[in-house]
Each structure stands twice: as structure tokens, then as C-alpha cells.
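This one's a predicted model, so the numbers in the text were calculated from it and none came from an experiment. In what follows, chains are A, B, ... by sequence order, proteins preceding strands, each numbered from 1.
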There are 2 protein chains.
Amino acid sequence: MTVTLADVAARAQVSPATVSRVLNGNYPVAASTRERVLRAVDELDYVLNGPASALAAATSDLVGILVNDIADPFFGIMASAIQSEIGGPGGRAGGERLAVVCNTGGSPERELTYLTLLQRQRAAAVILTGGAVEDAVHVAAVDTKLRKLADAGTRVVLCGRPPSPDAIALTFDNRGGGRQLTEHLIGLGHRRLGYIAGPEERTTTRHRLEGHRDALAAHGIEDDPKRTVWGRYDRRAGYDATLELLRRDPSLTAVVAANDTVALGACAALREAGLRIPDDVSVAGFDDLPFSIDAVPALTTVHLPLSDAGARAGRIAMGREEPPPGGIATVCGELMVRGSTGAPRE
Amino acid sequence: MTVTLADVAARAQVSPATVSRVLNGNYPVAASTRERVLRAVDELDYVLNGPASALAAATSDLVGILVNDIADPFFGIMASAIQSEIGGPGGRAGGERLAVVCNTGGSPERELTYLTLLQRQRAAAVILTGGAVEDAVHVAAVDTKLRKLADAGTRVVLCGRPPSPDAIALTFDNRGGGRQLTEHLIGLGHRRLGYIAGPEERTTTRHRLEGHRDALAAHGIEDDPKRTVWGRYDRRAGYDATLELLRRDPSLTAVVAANDTVALGACAALREAGLRIPDDVSVAGFDDLPFSIDAVPALTTVHLPLSDAGARAGRIAMGREEPPPGGIATVCGELMVRGSTGAPRE
DNA sequence: CTGTTAGCGCATTCAT
DNA sequence: ATGAATGCGCTAACAG
């Protein structure tokens with residue numbers, strides 16, 4: 001039924017080994033023979049059997065990309081950049097690699113499951129993006145998994161995720177970015193700042209919040225726990241949290257959100273409460289996703305070079321770029337001051 | 001070095017076949033034996049070899065999801081929904097399936113390449129999302145590919161994509177949605193409407209535009225070609241196109257965009273041109289992506305049930321839901337009237 | 001319910 | 001530069 005390498009060999013009147021060699025292009029074959037084989041491949045419409053190939057070679061052309069939320073452009077942008085560097089020549093089987101993005105939905109179990117699945121597939125490389133869950137048991141489980149993958153020859157790269165032994169890491173300076181942002185607001189004169197944090201157990205959440213607190217502390221501003229609210233990384237969370245912050249302290253003059261999406265929800269809540277941005281309340285986000293510049297007013301935020309970082313992670317995973325010294329590099333964000341922040345009222 | 005099924009069998013003092021059976025859970029095995037095997041698996045930290053398994057079974061647990069732009073939430077939302085229905089029990093190898101999303105970037109070649117790669121991997125199912133490129137040669141090539149995949153036992157489902165023989169299709173009623181939207185504007189009194197279309201060669205672009213023109217024709221409004229501009233499906237295209245439309249006809253009272261992202265760019269351009277929305281110019285989008293409600297004013301658009309459609313496509317691909325009669329179902333959008341549209345000025 | 005026997009399709013030695 | 005032979009690790013009949 002399905003045409004195999006042997007069929008091609010027969011048709012081209014060569015041995016299966018020769019066909020394999022021209023297909024993989026990693027061994028000298030006479031030009032005339034090659035051409036004959038290629039023609040047979042074409043005529044028979046032959047398609048390599050991936051599993052068989054992977055089994056025999058003990059490695060595959062799959063490259064796994066793990067993301068926390070595929071519907072969030074934060075991950076989409078990184079995944080897209082990674083993938084653009086994955087393709088091209090260099091792999092086996094004609095140089096085509098299958099970049100597969102796996103959506104963990106932020107669930108530790110799913111993360112582990114996908115890692116196992118990729119291990120099962122003998123993936124050529126695995127790239128984990130975004131913040132990690134901090135639960136000690138889970139961290140240990142992931143580290144163990146990553147070590148096994150690495151031992152089995154899978155290249156493991158972290159992008160926008162805190163370092164782990166046995167993996168090359170490109171981490172984002174979330175703490176520094178958070179600090180810059182809050183210092184900007186303090187510099188504007190704000191003293192009563194609300195903070196909308198992300199999910200409590202994630203590293204990204206903690207680091208950004210720490211940066212915020214660093215800035216407060218550096219300027220002798222008390223960090224009133226009432227001024228921090230936790231939620232998910234979505235619009236609704238920002239909306240609800242803002243209402244809650246306003247309830248707890250109507251005299252707030254600024255709201256700092258864990259990311260841009262949350263900030264958008266915050267803006268909506270403020271607007272509905274009849275407050276003007278930034279005249280009554282300033283708002284700031286984080287990430288600088290494409291839509292942030294279109295918010296009204298445009299969102300002050302911290303720009304993260306998601307695309308560049310993703311591309312670099314992709315190249316490292318493909319062995320086309322040297323890993324950073326020590327296996328860890330910190331990628332810094334850049335404060336983007338726009339219309340959503342201004343001096344506090346009165 | 002790496003532990004195999006045979007090792008597990010030896011340790012559990014059973015035959016390899018038995019181990020395979022408990023792992024796949026598709027054959028009766030005595031509870032006591034099962035437990036012994038599972039314990040051995042655990043102790044040895046055994047991981048199934050995916051390629052070997054796929055080779056022997058002639059099918060894999062891979063499910064491919066093709067998207068045009070992974071950084072666009074339109075696709076992210078569908079992919080996420082599809083994936084949520086892919087997992088769970090029912091597959092081989094412990095019921096875990098690997099949902100892999102492949103980013104074609106809108107390129108016909110990449111689309112074909114990914115389909116070949118998926119075919120190579122003997123994917124269990126393939127789901128293609130979003131609009132297709134209309135070039136006859138490419139359409140034929142894709143159809144051929146889909147037929148081969150189907151013949152090889154891969155389930156093929158289209159989601160938000162026009163029908164094709166040999167595939168089950170859930171298509172969006174882009175034409176109807178486009179018509180509704182423009183009729184809404186005409187009903188408001190608009191007569192000079194600009195239209196920002198997407199990439200020229202895509203079905204989505206064409207259908208939405210046709211709907212727009214249907215509405216114009218139905219109301220006896222001349223369809224001046226000067227009032228249509230083409231561009232990509234991104235913010236920048238909307239921005240540029242709006243400037244161009246304004247240049248060609250400053251008396252426009254409404255701008256209809258091919259999708260929400262484009263509409264956002266249009267809003268930015270209008271705002272910078274000193275025009276108020278909707279007082280001076282009304283704006284409408286399409287898709288109703290999450291950020292659309294946060295635009296200022298909130299965007300009038302056509303809501304597409306991306307999540308529901310994706311979930312349904314996922315279930316059909318997994319054989320857990322009956323395909324629609326005739327293999328084709330049309331999914332309709334719903335007009336969402338919000339603040340960005342109003343009566344024309346004067 | 002469990003063991004035995006054959007391949008699945010390809011990459012890779014080792015020869016020639 | 002090419003062919004022959006071997007085995008990758010697993011599943012699926014087929015027996016028992």
C-alpha cells in the first residue's frame with residue numbers, strides 16, 4: 001500500500017542503503033545515482049516514514065516549544081520567533097524540522113506530561129518559555145526531566161524562564177523592569193500605588209512584584225499589603241483587581257499591573273468608575289505587547305524583546321549560536337513611557 | 001543505556017507483550033500482573049519509545065494543528081480550544097496525545113511542508129485553521145496532500161477554513177458577517193464607507209469583502225473601488241490603509257476593517273488625524289478578539305465563536321463527535337454593536 | 001489471561 | 001561509491 005524506501009530502491013535500481021544516503025545527504029553518492037534516486041522518489045511520491053527513521057537513527061527532527069498560554073501573544077510572539085530559526089537545512093531527512101508548540105495552560109502536570117511526550121519522541125531540542133511554577137516538588141520534577149532529556153541528547157533551552165541546572169537559560173530581567181517602572185511613577189510624584197500581581201506561584205509574578213517593592217523601599221514608601229492584589233494574567237483579573245484596589249483605597253493615584261493584558265482590564269475598570277487616565281489614576285503594564293500602543297491613552301510599560309530572545313533561543317537550540325558564558329544570559333527590558341502615566345492629581 | 005520495554009518485562013517477570021498491553025490498556029490483563037508491571041516501569045523509570053511504537057503500530061499520537069500566525073490570538077484561541085479536546089484517554093500509549101501547533105506564517109510552501117512532515121510522522125489527525133490561499137496550483141496541492149493523509153488514516157478537519165474534498169469542514173460565515181456589519185452601518189445612515197481588506201489572495205479576505213459589497217449593492221450604494229485598500233492582517237496595515245483612505249476621500253464617515261487588529265490600527269490613524277470615533281468616523285472590526293472590548297471606544301465587530309468551533313473541531317478529529325451531515329458545517333458570527341459606530345456627522 | 005513469533009521501515013555498520 | 005546484513009524498540013497476530 002504505502003511506498004517504502006525499498007520500493008524507491010527497486011525503481012532506481014540501487015540498494016536501499018543508497019537511497020537512504022541520498023535522502024540524508026550525509027554521505028558521498030555519485031551525481032548520476034543521486035539523480036536517478038531523486039527521480040524515483042518523485043515518481044513514486046515517496047514520503048519518508050518519520051517514526052522508522054527516528055527509530056533507526058535514535059533521534060528525531062521534532063523540536064518542542066512549551067508555552068503557558070498559546071492564546072496569549074506574549075507566548076505566540078516568542079514561539080513564532082523560535083520557530084523561524086528552527087527550520088532550514090542542518091537536520092536529518094532533508095533538513096526539515098518540525099517545530100511543535102505545546103500548550104501547558106500553566107499547569108505543572110501538563111508541563112511534565114508534554115516533557116515526557118517529547119522525551120518519548122526523542123525530540124532534537126526542547127525550549128521552555130515564560131515563567132515557571134515555583135512549587136518545590138514540581139521544580140525538582142522538571143529539573144529531573146530536563147536532565148534526562150539532556151542526557152538523551154536533546155538540547156534544552158529556557159527562554160524567559162528562570163535558570164535550571166542542565167539547561168541553557170535566557171532569562172528576562174523582570175525584577176529590574178518592575179523596579180524601573182515603579183521608580184518612574186515615584187519620580188512623577190506618586191506615593192499611593194496599587195499593584196496587580198499575576199498568579200501567586202509563578203516566578204514572573206514574584207520577580208516583577210519584588211522589583212516594584214524594591215523601588216518603594218528605595219524611596220522610603222511603605223509597602224502596604226492592602227495595595228497588592230493577586231489574579232491571573234488576563235483582562236478580567238485586571239478589571240476585578242482594580243475594583244478591589246479602589247474599594248480598599250479610593251485615594252490611589254497609580255495602578256501597576258503585572259502585564260499589559262491585565263493593565264487593559266485595569267483601564268476598563270477605571271474608566272467605568274469615572275476616573276480619567278492618567279489625570280486621576282496612572283496605569284502601567286509590562287511586556288509591551290503590540291496592542292499596548294493602541295490603548296487610549298497608550299500604555300506606559302516595559303518593553304521585552306520577545307522576538308529577539310525567541311530567535312536567539314531557537315538558534316542556540318539548533319546549535320547555530322554559542323550559548324552564553326555560564327549557560328545563563330539575562331535579557332533586560334526597556335521602560336517605555338507613554339500616555340497612561342502622568343503626575344498625580346492635586 | 002536506555003531502558004526498554006524488554007527490561008521492564010524482565011524485571012516484572014512477564015513477556016514484553018504483556019508490558020505493552022498494560023501500557024496501552026487496550027487489552028485485558030490481570031490486576032496483579034498489571035500492578036507488577038507498573039511497579040517495574042516506575043522503578044526503572046521507563047519511558048516508551050514513541051518512534052518505535054509508532055512504527056510498529058503504524059500510527060502515532062501526534063495531532064497536528066496548522067495555524068497561519070501563531071502570534072495572532074485569533075489562531076491562539078482556536079488552537080487552545082482544539083488542544084483542550086485532544087488530550088484525555090482514548091489514544092494509544094496511555095491515552096496521551098501530543099497536540100503540536102505548526103506555524104505556517106501564511107506561506108503556502110510552509111503549509112505544504114508541514115503537511116508532509118505530519119504525514120511523515122503518521123499523525124493521528126491534522127486540523128487546519130483559518131483562511132486559505134486561493135492560488136489554484138496551491139489549492140490543488142493541498143487537496144492532494146489532504147487526500148493522501150486521509151487515505152493513510154489521518155483524520156483531517158478544517159476549522160474556519162473553506163471546505164475541501166476529503167476533509168470535514170467547519171467554515172465561518174465570513175460573507176454573512178461582513179454583510180451584517182455593513183448593513184448595520186448603512187442603517188445608521190452611512191453612505192461613504194472605506195474598506196480595509198486583508199491580504200488579497202486569502203479566502204477570508206475575499207469573503208468578508210464580498211459580504212460588504214453585498215450590503216452596499218442591496219442598498220443601492222455604489223461600490224467605488226477607491227474606497228477599498230488591501231493590506232496584511234496587522235495593526236500597521238490598518239494604520240497605513242486608513243491614512244490612504246482618508247487621502248483619497250476625506251469625506252468618509254466610516255471605516256470597515258478586515259479584522260479587529262486592523263481596526264485598532266485604523267483607530268490610531270484616525271485619532272492622530274484629529275478625528276473622533278464615532279462622531280467623525282465610525283470604525284468596525286471582525287472576530288471580536290478579547291482586546292476589542294477594551295478599545296476606546298469599544299469596537300463594533302462580528303463575534304466569531306473561535307473557542308467553540310475549535311473545541312468542536314478537536315472532538316471531531318478525535319472521533320468523539322459526529323461530523324456534520326455532508327461533512328460541512330457553517331459557523332455563523334454575531335454582530336456586536338458597541339461604541340465605535342454611530343450615526344454619521346452633519 | 002499470557003507467551004511466542006514476526007515484522008514495521010529505516011540507518012548503519014561492514015564488506016566490496 | 002555502492003550493496004548486504006543487522007538491529008533499533010515496539011505491537012500485533014497467533015497460539016496456548
When you check the phosphate oxygens OP1 and OP2 of dG9(C), does a side-chain N or O of Thr4(A) lie under 4.0 Å from one of them? no
Taking only N and O in the side chain of Asn49(A), is any of them less than 4.0 Å away from OP1 or OP2 of dC8(C)?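 Negative; the distance criterion is not met.
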The side chain of Ser53(B) lies closest to which of these nucleotides: dG9(D), dT12(C), dT11(D)? dT11(D)
Once side chain to side chain donor-acceptor pair (under 3.5 Å) is applied, do any residues pair with Ser164(A), and if so which ones, sequence neighbours excluded?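 Partners of Ser164(A) under the side chain to side chain donor-acceptor pair (under 3.5 Å) test: Asp143(A).
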Residues that Thr18(B) engages under side chain to side chain donor-acceptor pair (under 3.5 Å), provided they are two or more places apart: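 So Thr18(B) forms a side chain to side chain donor-acceptor pair (under 3.5 Å) with Ser15(B).
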Between [N] atom [atom2] and [X] atom [atom1], what is the distance in whole Å?
X	N	atom1	atom2	answer
Leu23(A)	dT12(C)	CG	C1'	15 Å
Gln121(B)	dC10(C)	CD	P	13 Å
Asp7(A)	dG9(C)	CG	P	9 Å
Leu5(A)	dG3(D)	CG	C1'	13 Å
Asn26(B)	dC1(C)	CG	P	14 Å

Verify the neighbour count for atom CZ of Arg147(B): are there more than 12 heavy atoms of other residues, nucleotides or ligands below 6.0 Å?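 Incorrect, the count does not exceed 12.
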Give me the distances for all protein-to-nucleotides 2-4 of chain C N/O pairs that come in under 3.5 Å?
residue: dT2(C); atom: OP1; partner: Thr33(B); partner atom: OG1; Å: 2.4
residue: dT2(C); atom: OP2; partner: Ala30(B); partner atom: N; Å: 2.7
residue: dT2(C); atom: OP2; partner: Thr33(B); partner atom: OG1; Å: 3.4
residue: dG3(C); atom: OP2; partner: Ser15(B); partner atom: N; Å: 2.9
residue: dG3(C); atom: OP2; partner: Ser15(B); partner atom: OG; Å: 3.3
residue: dG3(C); atom: OP2; partner: Thr18(B); partner atom: OG1; Å: 2.8
residue: dG3(C); atom: N7; partner: Arg21(B); partner atom: NH2; Å: 2.7
residue: dG3(C); atom: O6; partner: Arg21(B); partner atom: NH1; Å: 3.3
residue: dG3(C); atom: O6; partner: Arg21(B); partner atom: NH2; Å: 3.2

Sort and list the pairs that fulfil side-chain hydrogen bond (donor to acceptor under 3.5 Å, both in side chains) and have at least one residue in residues 153-163 of chain B, not counting sequence neighbours.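 As it turns out, the side-chain hydrogen bond (donor to acceptor under 3.5 Å, both in side chains) pairs with a partner in residues 153-163 of chain B, which skip direct neighbours, are Glu111(B)-Arg161(B).
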Return the set of residues passing side-chain contact (heavy atoms from CB on, under 4.5 Å) with Thr171(B) (not counting sequence neighbours), or none when no residue passes.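 Residues passing side-chain contact (heavy atoms from CB on, under 4.5 Å) with Thr171(B): Pro163(B), Ala169(B), Thr330(B).
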Touch check for Leu55(B), heavy atoms < 4.0 angstrom, all strands: base, sugar-phosphate only, or nothing? base
Salt bridge (charged side-chain N to carboxylate O under 4.0 Å, His left out) pairs touching residues 68-80 of chain B, sequence neighbours excluded, are none
